[in-house]
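Have a look at the structure that comes next, please.
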There are 2 protein chains.
Amino acid sequence: MTARRPTLKDVAERAGVSLKTTSRVLNGEKSVRPETEQRVRDAMTELGFRPNYFARRLRLGADTSSIGLVIEDLSNPFYSGMAHAIEQRAHEHSMLLIIGSSQRQPETERRLVASLSQRRVSGLIVVPAGHNHDHLAAEQERGLRIVCADRPAAGVSADAVVADNEGGARLAVTHLSRHHHKRIAYLGDDPDLYTNQQRLEGYRGALGLHGAATDGHLACLGLTDAAAAERATRELLAGESPPTAIFAGNNLLTIGALHALRAIHRTDVAVVGFDDFEAADLVVPGVTVVRHDPAELGRIAADRLLARIDGDRSAPTVEMLPVHLIARGSGELTP
Amino acid sequence: MTARRPTLKDVAERAGVSLKTTSRVLNGEKSVRPETEQRVRDAMTELGFRPNYFARRLRLGADTSSIGLVIEDLSNPFYSGMAHAIEQRAHEHSMLLIIGSSQRQPETERRLVASLSQRRVSGLIVVPAGHNHDHLAAEQERGLRIVCADRPAAGVSADAVVADNEGGARLAVTHLSRHHHKRIAYLGDDPDLYTNQQRLEGYRGALGLHGAATDGHLACLGLTDAAAAERATRELLAGESPPTAIFAGNNLLTIGALHALRAIHRTDVAVVGFDDFEAADLVVPGVTVVRHDPAELGRIAADRLLARIDGDRSAPTVEMLPVHLIARGSGELTP
DNA sequence: CTGAAAGCGCTAACAT
DNA sequence: ATGTTAGCGCTTTCAG
C-alpha cells in the first residue's frame with residue numbers, strides 16, 4: 001500500500017543507466033547525451049521522483065537555503081509587515097522563511113533559536129527578547145549568521161537594523177510643544193527593552209529642551225498592551241494636573257489611548273503615536289504618528305543577512321533608519 | 001580556521017566510548033551507565049556538538065516536524081492573524097512553521113508548494129490561489145498532507161476550513177435593508193475566487209429577498225486593492241442613481257471605501273464591511289462589519305492538519321465557521 | 001560521455 | 001551496558 005518513495009537508484013534502473021548518470025541529469029550537468037537525458041527524465045516523471053532533500057543536504061554539507069526569523073508576535077502588524085518584506089527578499093534568493101513568535105518570552109526565543117539553528121538555517125534574523133543574549137552569542141560562535149532587527153542584542157557583536165527611536169520620540173514631543181503643550185504624557189512599554197529605552201530618553205530629552213513639565217507621573221511605563229494603555233490614559237486624565245497631550249510609545253498603546261479618549265468623550269487631548277497603523281487616517285481627527293517603515297526595516301535586515309550568507313566578512317554594523325512625523329490632526333490640537 | 005563541526009564520532013573518541021553509546025546518550029536511551037553518560041555529555045559540551053539534522057532525518061526517513069503555510073500575503077492582517085494562530089498550535093506540537101506568500105500568483109503558489117514538499121514538511125496548510133489546483137492533488141498523491149484554509153481547492157479532496165461567506169454577506173445586506181436601504185452597492189474582489197463568489201451570491205440572494213435594487217452597476221467586482229475600491233466608490237456615488245449604502249467585500253475594500261467617503265465628505269452613506277480590522281471602532285462612525293475570526297480559522301486548520309499527521313485517516317471534511325455582524329454605527333445610518 | 005566505489009553523520013540490528 | 005556493522009539517498013572522486 002505505502003509504496004516507498006522512488007529513489008535515484010529506482011530511476012536509474014528504470015532508465016537503464018547508472019546512478020551517477022541519473023544524478024548528473026538531476027543536477028543539470030552538461031556531460032550527458034540528450035537522448036540519455038530524455039530517458040532519465042521520462043523515468044523520473046513516470047515514477048514521480050522527488051529528490052531526497054536530506055540525503056542531498058547531508059552529502060553537500062550545505063545549509064538549508066532557508067532563513068529563520070524570530071519576532072515578538074506575528075499578529076502585530078508591525079512584525080508581520082517586517083516579516084513579509086523579509087519573506088519577499090528570501091524568495092528572490094530562492095530561500096524559504098521559517099517564522100517563530102517569541103511572544104517576548106526569553107525562554108521561547110531561546111527554544112526557537114535553538115530549533116532553527118539545529119535545522120541549519122542559512123541565517124537568522126531576530127528581534128531579541130529579554131536581556132541576556134548569551135545564547136545568541138553562542139550560536140554565532142558555532143557559525144550561525146545572525147542579524148538583529150528592531151533592536152540590537154546587548155553583548156552580541158552582530159549586524160543590527162533599528163529605527164531612530166530617540167529621534168522619533170523627540171520629533172513627537174517637539175511637535176506637541178510647538179502646539180503649545182506643556183503637559184505631555186508618555187505611554188511606554190517595558191522600559192527595559194532597547195526600543196522603549198530610546199523612546200523614553202527622546203521623550204525626556206525633548207521635554208527638557210522645550211521647558212515642558214517633567215512630572216514623573218506623566219510618564220507611564222511598563223504598559224504591555226492596548227488595555228494597559230487605555231487604563232493608564234483614563235487615570236492620567238482623571239488625576240491631578242492632567243496632561244493636555246499624550247505621546248504613545250507604539251501602535252498598540254496608541255490604540256489603547258484612543259479607546260480611552262473615546263470612552264470618556266475627550267476630544268480635546270492631543271495624541272501622537274509612535275508607529276503608523278492601518279486606518280490611522282480614518283480616525284477623527286486623523287492620528288498623527290511618528291512613522292517608520294517596518295517593511296524597509298525587514299528588507300535591510302534581510303539584505304544584511306543575505307550579504308553575510310554570500311560571504312561578507314566585514315565588521316558588523318548598526319544601521320539606523322530615519323523616522324518621519326505624519327501630521328493628521330490629532331497631534332495638532334492645542335490645549 | 002574553519003574547524004569542521006564536531007560529529008558524533010568526535011564526541012565518542014573524546015569520551016572514550018563507542019559511537020553507538022554516544023548516540024544512545026544523544027537520544028536519551030536508558031541503557032547507559034550514568035557515569036558514562038556524564039562523560040559523553042561533557043565531551044559534547046566541550047566540543048560544542050550539535051547533531052546533524054540532515055543525517056538524522058535521512059536515517060530516520062522521517063519528516064521535518066515542520067509545517068508549511070502558503071497564504072496570499074503575510075502583510076494582510078487577516079492572513080497574519082491566521083498565520084500566528086497556526087504558528088502557536090505548531091509550537092505546541094514542537095513543530096516549526098515555514099511561511100510563504102503566494103501574492104495570489106498561481107505560479108508562485110506552485111513554486112512554494114513544491115519547495116515545501118521537497119523539504120518534506122509534515123503537512124501543508126494552503127489558501128489556494130488561482131483555479132487549477134492539480135499540483136495540490138499531485139502532491140497529495142505523493143503523500144503530502146494538505147489542509148485548505150479560507151477556501152477549498154476545487155477538484156482536490158482535502159480538508160478545508162472556511163468562513164460562512166454567503167451567510168455573512170446576507171447578514172450584511174439584510175442589516176442594511178432593515179435600515180431602509182434599497183440601493184445597496186457591493187464592492188467585490190476577484191469574483192473567480194471562492195470566497196468572493198460566495199459573498200457575491202449572498203449579496204445577490206439577500207437583495208432579492210428584501211426587494212432591493214439589483215441594478216448590475218451596483219455590484220463592482222474585480223477590485224483587488226484599497227485603491228481600486230476607493231475609485232469604484234467615487235464612481236458609484238458620482239453616477240446616476242447612486243447607492244445609499246455600500247457593502248464592502250473584505251478588509252482592504254472597506255478601507256478603500258471609507259477613504260473615498262472621507263475624501264468627498266460624504267457622511268450619509270452607510271457602510272458594512274466583511275472582515276473586522278484594527279481600529280474599526282475608532283473611525284467615526286464606528287465601522288459595522290461582518291466579523292469572522294482569522295485566528296480561529298487558523299487554529300482549526302492547524303488542528304485538522306495535526307490530526308492528519310497523527311494518523312487520522314477519516315474522510316476529508318469542510319468546516320464552515322460562523323460569522324457575526326458587529327454594529328458600530330456606519331451600518332445603521334439610514335438613507 | 002558514462003560508471004563503480006566511497007562516504008556525508010547518523011541510527012537500527014545484531015552482536016557481545 | 002556497550003560495541004560492530006550496515007545502510008538511509010545522495011554526490012563526488014576517480015576510472016574507464
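Letters go in sequence order (proteins before strands), and every chain restarts at 1.
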How many Å lie between CD on A:Glu29 and P on C:dT2, as a whole number?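 Checked: the CD to P distance equals 12 Å.
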How is A:Arg24 classified with respect to the nucleic acid when contacts are heavy atoms under 4.0 Å: base, sugar-phosphate, or nothing?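 The answer is base, as A:Arg24 lies within the cut-off (heavy atoms under 4.0 Å) of a base atom.
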Nearest to the A:Ser31 side chain among C:dT2, D:dC10, D:dC8, which nucleotide is it? C:dT2
Of all the choices, C:dC10, C:dA12, C:dC8, which nucleotide is nearest to the side chain of B:Leu60 once you look at every atom?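 The answer is C:dA12.
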In whole angstroms, how far is the P atom of C:dT2 from the NZ atom of A:Lys20?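 Whole-Å distance recorded here is 12 Å.
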Would B:Asp303 and B:Arg89 pass as an ion pair if we require N to O under 4.0 Å? yes
With the side chain of A:Asn52 defined as its heavy atoms from C-beta on, choose the nearest nucleotide among D:dT11, C:dC10, D:dG9.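 It is D:dG9.
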Taking any heavy-atom pair under 4.0 Å as a contact, classify A:Phe49: base, sugar-phosphate, or nothing.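 It contacts sugar-phosphate atoms only.
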Charged N to carboxylate O below 4.0 Å: is that the case for B:Arg33 and B:Glu37? no
May I have the distance from B:Leu26 (atom CG) to C:dA12 (atom P), rounded to whole angstrom? 11 Å
Side chain of A:Ala55 only, heavy atoms from C-beta on: which candidate in D:dG9, C:dG3, C:dG9 is closest?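 Minimum distance to the A:Ala55 side chain belongs to D:dG9.
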Closest to side chain of B:Arg59, choosing from C:dC8, D:dG7, D:dT12: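 The answer is D:dG7, which lies nearest to the side chain.
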Which nucleotide wins on minimum distance to the side chain of A:Thr21, given the candidates C:dT11, C:dT2, C:dG9?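 My answer, after comparing the listed nucleotides, is C:dT2.
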Charged N to carboxylate O under 4.0 angstrom, B:Arg145 versus B:Asp159?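 Result for this pair is no, no salt bridge flagged.
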Taking only the side-chain heavy atoms of A:Arg33 (C-beta and beyond), determine which of C:dC10, D:dG9, C:dT2 contains the nearest atom. C:dT2
Note: A:Glu72-A:Arg151 ion pair, threshold 4.0 Å (strictly below): yes
Within this structure, what is the CG-to-P distance between A:Leu19 and C:dA6, rounded to whole angstrom? 14 Å
Assign each of A:Lys30 and B:Arg56 the nucleotide of DNA chain C bearing its closest heavy atom; nearer the 5' end lies the nucleotide of A:Lys30
Atom CG of B:Asn27 and atom C1' of C:dT11: how far apart are they, to the nearest Å?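 Value for this atom pair: 7 Å.
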